[in-house]
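Data block below; observations after.
Every value quoted in this text rests on a predicted model; they were computed, and no experiment measured them. Just the heavy atoms: all of them, side chains too, but no hydrogens, waters or symmetry mates, feed the values below.
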Amino acid sequence: MASKGLSRVSSINSELNDFTETKEGEKIYNVSKSRLMSLINWVHVFRTYLPLLWYFVIGVLLVQIFILLYTHRFDIKSLYAVEIAVFESNKPLVVDLGWKTMAILALVIWYITRREQPVYLIDFSTFEPPEDWKVTPDQLMQIMRFQNCFTEESVEFLDRMLKQSGCGPRTAWPPGTVQCLEGKPADTTAEAARKESEIVIFDCVESVLKKTKTNPKDIDVLVINCSLFSPTPSLCSMVINHFGLRSDVSSYNLSGMGCSAGLISIELVKNMLAAKPNAIALVVSTENLTQNLYLGNERGFLLQNTLFRCGGAAMILSNKWTDALRAKLKLLHLVRTQYVSDDSFGCVYETEDNSAKKIRGVRLSKDIVKVAGRAMEKNFTTLGPYVLPMSEQLKTGFWMLVRFIAKKIAYQNKINPYIPDFKRGIDHFCIHAGGRGVIDGIEKNLQLTSRHVEASRYALFTYGNTSSSSIWYEMDYICSRMDLRRGQRVLQVAFGSGFKCNSAVWLCMNNKPSGKKNLKKDQ
């Protein structure tokens with residue numbers, strides 16, 4: 001008698017359709033065994049039971065060793081002599097390995113379960129703003145005056161900060177803001193902000209998919225980070241619908257994480273790929289300015305109007321071992337530091353100003369460079385052992401011991417801390433283009449040369465502070481114009497609100513700079 005609802009039928013009797021109909025006209029949903037079996041991820045099942053298999057092998061190994069010891073009346077010398085004789089005999093070792101087979105099997109299983117999945121960056125693309133988005137410093141000041149909300153003192157302050165910012169003569173602002181040059185009021189609607197994100201994100205995603213010859217249907221993980229714009233539906237949904245990604249894609253939308261969110265997205269993908277063998281991930285880092293022009297007169301808030309610009313980047317990452325042959329970079333290390341102190345949380349703070357109108361904006365503290373330095377010190381303390389040669393680590397340890405002893409004996413003269421030479425472990429540096437002061441401070445503290453900060457200064461000058469995507473404009477510069485070679489290591493350092501300092505070390509696998517980028521060398 002046929003039962004109602006779900007029933008399993010043999011694969012032999014299964015038909016192409018999922019429903020069968022009884023003589024009484026009742027429809028029964030049939031699921032063939034073969035179809036159920038095809039839905040199972042056997043790699044995942046195997047990896048799930050590997051720990052249990054390891055415990056079983058270890059148990060068998062211990063029992064075998066105990067039996068051997070008991071046979072030889074726990075005479076270790078006698079057991080050793082017998083085992084040596086096995087290797088000296090002419091018999092095939094495979095026959096007489098005994099307990100050693102279990103030991104080798106246990107080691108193999110342990111290696112498989114403990115080894116870290118590699119993460120390869122197949123390629124990436126950055127957003128190149130159209131010409132009608134770019135404005136000169138004079139045009140930007142014209143836009144500021146057009147708002148009719150800034151005092152003359154604020155305009156002078158903006159002009160002074162703009163000249164000291166390190167940004168170049170042609171940087172990008174969204175169309176909703178640029179239209180003020182035509183005498184139209186700024187468009188700060190949600191639709192205008194969404195349009196900005198669509199143009200930036202779609203451009204770099206389409207470019208990286210074409211570069212890597214990746215079918216959107218092949219993407220398993222999607223991560224988009226944008227701190228100040230988090231619409232509903234999300235930016236992830238926007239990309240999924242536009243490019244036709246699979247319905248089971250794992251998507252994550254990160255907001256409020258600041259300029260360091262790009263590396264947070266990379267870490268999230270790294271953790272996701274560890275649980276998804278043979279998977280491909282798409283990461284997008286961007287920021288949105290349409291609704292984030294501060295229209296008040298408090299100086300702490302006005303700084304955002306002189307630094308931030310439009311930009312974005314998209315990256316394709318994979319953990320497939322076959323992708324190592326075509327990958328541009330491989331992720332070696334990623335270190336995240338959440339710095340906590342009395343003055344760190346409010347360094348970059350979105351709130352309303354103290355005016356009667358309570359105008360919303362992002363307040364930047366005067367202590368931001370000092371806090372960033374302390375956060376980077378903690379981050380590099382963790383990163384150092386992974387990238388520095390042993391000689392440099394020994395120097396650092398020695399001077400730490402000297403300072404500790406001097407402190408204990410109350411030595412009067414101050415001993416400055418030893419700063420490790422990271423140039424000995426890193427070939428190229430991508431320092432977040434948060435401003436000229438940030439780049440100058442890191443260059444001085446790490447004793448870098450002008451060539452080491454060349455990519456950061458270029459990104460700031462050409463594109464401005466594009467938030468989380470700035471380190472990818474720098475990486476693009478290094479790949480195309482600084483002779484990045486196979487085997488060299490690149491360090492990315494980014495700072496974010498909260499206060500966060502994140503760093504990532506990449507190993508160059510292949511580097512084939514495109515001619516299109518090289519044409520811009522003398523721009």
Minimum side-chain heavy-atom gap T212-R326 below 4.5 Å
yes
Look at R299 together with E153 and state whether they make a salt bridge at an N to O cut-off of under 4.0 Å.
yes
Should the ring pair Y294 and F301 be called parallel, tilted or perpendicular, given that the plane angle runs from 0 to 90° and is split at 30 and 60?
parallel
Looking at E267 and K270, is there a salt bridge between them, counting it only when a charged N and a carboxylate O are closer than 4.0 Å?
no
Nearest 0.5 Å please: distance from the CZ atom of F499 over to the CG atom of D367.
11.0 Å
For side chain to side chain contact (heavy atoms under 4.5 Å, CB included), just list the numbers for S450 and R457, CA-CA rounded to whole Å, side-chain angles, deciding distance to a tenth of an Å, and then say yes or no.
CA-CA 9 Å; S450 58; R457 294 197 188 282; over 6 Å; no
Locate the shortest heavy-atom distance separating I280 from D218; write the atom from each residue and the value.
CB-O, 3.8 Å
Between the side chain of S470 and the main-chain N/O of S467, is any donor-acceptor distance below 3.5 Å?
yes
Return yes when atom CZ of F146 has more than 12 non-hydrogen atoms of other residues, nucleotides or ligands closer than 6.0 Å, and no otherwise.
yes
Crowding at CZ, F243 (>12 non-hydrogen neighbours, <6.0 Å)
yes
Could you tell me whether a side-chain N or O of N319 sits under 3.5 Å from a main-chain N or O of P118, the two making a donor and an acceptor?
no
Flag, side chain of T306 to backbone of L303, donor-acceptor distance under 3.5 Å
yes
Does any N or O in the side chain of E350 come within less than 3.5 Å of the main-chain N or O of V362, such that one atom is a donor and the other an acceptor?
no
Given side chains that start at C-beta, do those of F127 and V284 come closer than 4.5 Å, heavy atoms only?
no
Any heavy-atom pair between the side chains of E196 and F229 that's under 4.5 Å?
no
Quick check against the 3.5 Å criterion: does R489 have a side-chain atom that pairs as donor or acceptor with the backbone of G425?
yes
Is the shortest distance from a Lys or Arg side-chain nitrogen in D440 or K444 to a carboxylate oxygen in the other one below 4.0 Å?
no
Shortest non-hydrogen contact between V155 and M141, atoms and distance:
O-CE, 3.4 Å
Main-chain N/O of K217 paired with R246 side-chain donor or acceptor, under 3.5 Å:
yes
Can you see which heavy atom on T396 is nearest to which on P420, and at what distance?
OG1-CG, 3.5 Å
To the nearest 0.5 Å, how far apart are CD in E392 and CZ in F422?
8.5 Å
Pair R363 + D353: basic N to acidic O under 4.0 Å
no
For the atom pair CE (M376) and CG (L383), what is the distance rounded to the nearest 0.5 Å?
11.0 Å
Does the plane of the ring in H452 sit parallel, tilted or perpendicular to the ring in F429? Use 30° and 60° as the thresholds.
perpendicular
Beyond-backbone contact of L448 with I431, side-chain heavy atoms, under 4.5 angstrom
yes
CG of N225 to SG of C236, rounded to nearest 0.5 Å, is 9.5 Å
Tell me if a side-chain donor or acceptor on R486 pairs with a main-chain N or O of C508 at a distance below 3.5 Å.
no
We want to know whether N297 and S154 form a side-chain donor-acceptor pair, criterion being a heavy-atom distance below 3.5 angstrom.
yes
Is a side-chain donor-acceptor pair under 3.5 Å present for Y473 with E128?
no
Heavy-atom distance under 4.5 Å between the side chains of P175 and K195, does that happen here?
no
Correct closest heavy-atom pair for N379 and N502 would be ND2-CA, 3.9 Å
In a check of side chain to side chain contact (heavy atoms under 4.5 Å, CB included) between I316 and each of L282, D123, L121, which one passes?
L282
Tell me whether R374 is salt-bridged to E377, with the criterion being a basic N under 4.0 Å from an acidic carboxylate O.
no
To the closest 0.5 Å, what do you measure between CD (E298) and CZ (F157)?
11.5 Å
Around atom NZ of K320, are there more than 12 heavy atoms of other residues, nucleotides or ligands at under 6.0 Å?
yes
Close side-chain approach of F124 and C479, heavy atoms under 4.5 Å
yes
Apply side chain to side chain contact (heavy atoms under 4.5 Å, CB included) to K328 and N510, showing your working.
CA-CA 5 Å; K328 186 181 285 286; N510 299 287; 5.8 Å; no
Is a donor on one side and an acceptor on the other found under 3.5 Å between the side chain of S165 and the backbone of L162?
yes
Would T290 and T177 count as a side chain to side chain contact (heavy atoms under 4.5 Å, CB included) if you check the C-alpha gap in whole Å, the side-chain angles of each, and the deciding distance to 0.1 Å?
CA-CA 7 Å; T290 297; T177 305; 5.7 Å; no
Any chance CD of Q338 has more than 12 other-residue heavy atoms, nucleotides or ligands included, within less than 6.0 Å?
yes
Among N271, L334, L273, side chain to side chain contact (heavy atoms under 4.5 Å, CB included) partner for V119
L273
Which value, rounded to the nearest 0.5 Å, describes the distance between E443 atom CD and E454 atom CD?
11.5 Å
Got a donor-acceptor contact below 3.5 angstrom from the T286 side chain to the G311 backbone?
yes
Taking C-beta and beyond as the side chain, do E287 and L228 meet within less than 4.5 Å on heavy atoms?
yes
Check whether any side-chain heavy atom of L293 lies under 4.5 Å from a side-chain heavy atom of Q147, and answer yes or no.
yes
Can you name the closest pair of heavy atoms from I359 and L295 and give their distance?
CD1-O, 3.3 Å
NZ (K366) with more than 12 external heavy atoms under 6.0 Å:
no
C430 and I478 have their tightest heavy-atom pair at SG-CD1, 3.5 Å
So, does N511 use its side chain to make a donor-acceptor pair with the main chain of R485 at under 3.5 Å?
no
Go through the steps to decide whether L317 and I266 satisfy the test side chain to side chain contact (heavy atoms under 4.5 Å, CB included), and finish with yes or no.
CA-CA 9 Å; L317 298 105; I266 298 294; 4.1 Å; yes
